[in-house]
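Remember, it's a predicted structure, so these values are computed and weren't measured experimentally.
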Amino acid sequence: SVLISADLSGLPELTNEVPLLIVDCCQQIEQVRLRGSSKIHRLELQLVQQTLFRLTLLDLSEMPLLDEFDVQAILQYGLQLQQLELVGCEKLTNSCLEHIAQSCPSLKYLDVSKCPMINDLGVKELASYCKELRTLRLGYLPLISDAALSFIGDGLPRLQELDVQSNFRISGAGFAG
């Protein structure tokens, strides 16, 4: 049998050896969830992504040390990604969204909820490049406004699900425009 999915979420003590083990024994894997695995470092994540070219789902949520440089290093090999989850990665910025948008044109699902430094400009980049997006989760982003809704409405024709919960700068006017 061939392992195609590994969910290692909720294991905060997970160390660097585990991604290397995945690379060694599971080169057919398509889905990796490392949510909350804060002890894994950039190099190992990059190695996983570089080696596992079949990866379509990657969940790096709740990794407090993950920053835009980590994401850039990981995604330079991630053209097959269809689902990316980065919930609660508080160091992520608009330039990170720009890199995601340009590196992952096939992305269908993106969750960057609870990434407080992301604003309307980051959403504009997504809307400019990620034309295949069907689900976009932008909950709890205090810098998102009605302008983001306009960018989404104009640029994401395939979008089926949008989450903008608890974004207090959104009045709904962006839905009309």
Side-chain angles (χ1 to χ4, degrees), residues 6-20 22-23 31-52 55-105 107-130 133 135-145 147-149 151-152 162-170:
D7 188 344
L8 305 172
S9 300
L11 302 173
E13 297 302 314
L14 202 64
T15 60
N16 295 333
E17 292 80 24
V18 174
L20 298 175
I22 290 172
V23 167
Q31 302 178 357
V32 175
R33 293 185 183 274
L34 296 169
R35 181 180 291 248
S37 302
S38 58
K39 290 189 176 183
I40 296 175
H41 302 288
R42 179 182 309 166
L43 180 62
E44 285 75 16
L45 289 172
Q46 182 177 351
L47 180 59
V48 168
Q49 185 65 20
Q50 181 179 359
T51 306
L52 303 174
L55 208 56
T56 59
L57 180 151
L58 184 60
D59 184 352
L60 302 175
S61 298
E62 299 170 14
M63 296 179 78
L65 300 178
L66 193 74
D67 63 21
E68 64 189 270
F69 301 108
D70 296 325
V71 173
Q72 288 175 7
I74 295 162
L75 294 183
Q76 67 182 331
Y77 306 103
L79 295 177
Q80 300 301 317
L81 272 181
Q82 294 180 13
Q83 182 169 340
L84 181 60
E85 299 179 40
L86 298 167
V87 178
C89 296
E90 296 182 356
K91 292 184 176 186
L92 299 188
T93 64
N94 289 329
S95 64
C96 180
L97 277 191
E98 180 179 358
H99 188 77
I100 290 169
Q102 293 175 4
S103 300
C104 302
L107 206 58
K108 291 180 174 59
Y109 179 105
L110 178 63
D111 192 341
V112 290
S113 299
K114 300 180 182 178
C115 297
M117 297 190 334
I118 293 173
N119 65 32
D120 297 333
L121 296 177
V123 175
K124 182 178 182 181
E125 289 297 320
L126 286 174
S128 296
Y129 292 97
C130 292
L133 267 179
T135 301
L136 180 57
R137 297 193 179 281
L138 302 170
Y140 302 93
L141 301 180
L143 303 177
I144 297 290
S145 72
L149 296 179
F151 299 139
I152 290 167
L162 174 64
D163 173 2
V164 292
Q165 68 177 311
S166 297
N167 291 330
F168 300 108
R169 295 180 62 213
I170 293 178

side-chain contact (heavy atoms from CB on, under 4.5 Å) with [X]: which residues, sequence neighbours excluded?
X: Pro116; result: Glu90, Pro142
X: Leu8; result: Leu11, Leu14, Val18, Ile22, Leu34
X: Phe151; result: Asp120, Lys124, Ala127, Ala147
X: Ala101; result: Leu126, Tyr129, Cys130

How about [X] and [Y]: do any of their side-chain heavy atoms sit closer than 4.5 Å?
X: Val71; Y: Phe69; value: no
X: Leu141; Y: Ser113; value: no
X: Leu84; Y: Leu75; value: yes
X: Ile170; Y: Leu149; value: yes
X: Ile100; Y: Leu86; value: yes

Check your understanding: Does Asp163 have any salt bridge (charged side-chain N to carboxylate O under 4.0 Å, His left out) partners at least two apart in sequence or in another chain, and if so, which?
Key ->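 Checked Asp163 against salt bridge (charged side-chain N to carboxylate O under 4.0 Å, His left out); matches are Arg137.
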
Which residues pass the side-chain hydrogen bond (donor to acceptor under 3.5 Å, both in side chains) test with [X], not counting sequence neighbours?
X: Thr93; answer: Glu68, Ser95
X: Ser128; answer: none
X: Gln82; answer: none
X: Asp59; answer: Arg33, Arg35, Ser61

Review point. Which of these passes side chain to side chain contact (heavy atoms under 4.5 Å, CB included) with Leu110: Leu81, Leu138, Leu136?
Key: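 Testing Leu110 for a side chain to side chain contact (heavy atoms under 4.5 Å, CB included) against Leu81, Leu138, Leu136 leaves exactly one candidate, Leu136.
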
Check your understanding: Any chance NZ of Lys108 has more than 12 other-residue heavy atoms, nucleotides or ligands included, within less than 6.0 Å?
Key ->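 Yes, enclosed.
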
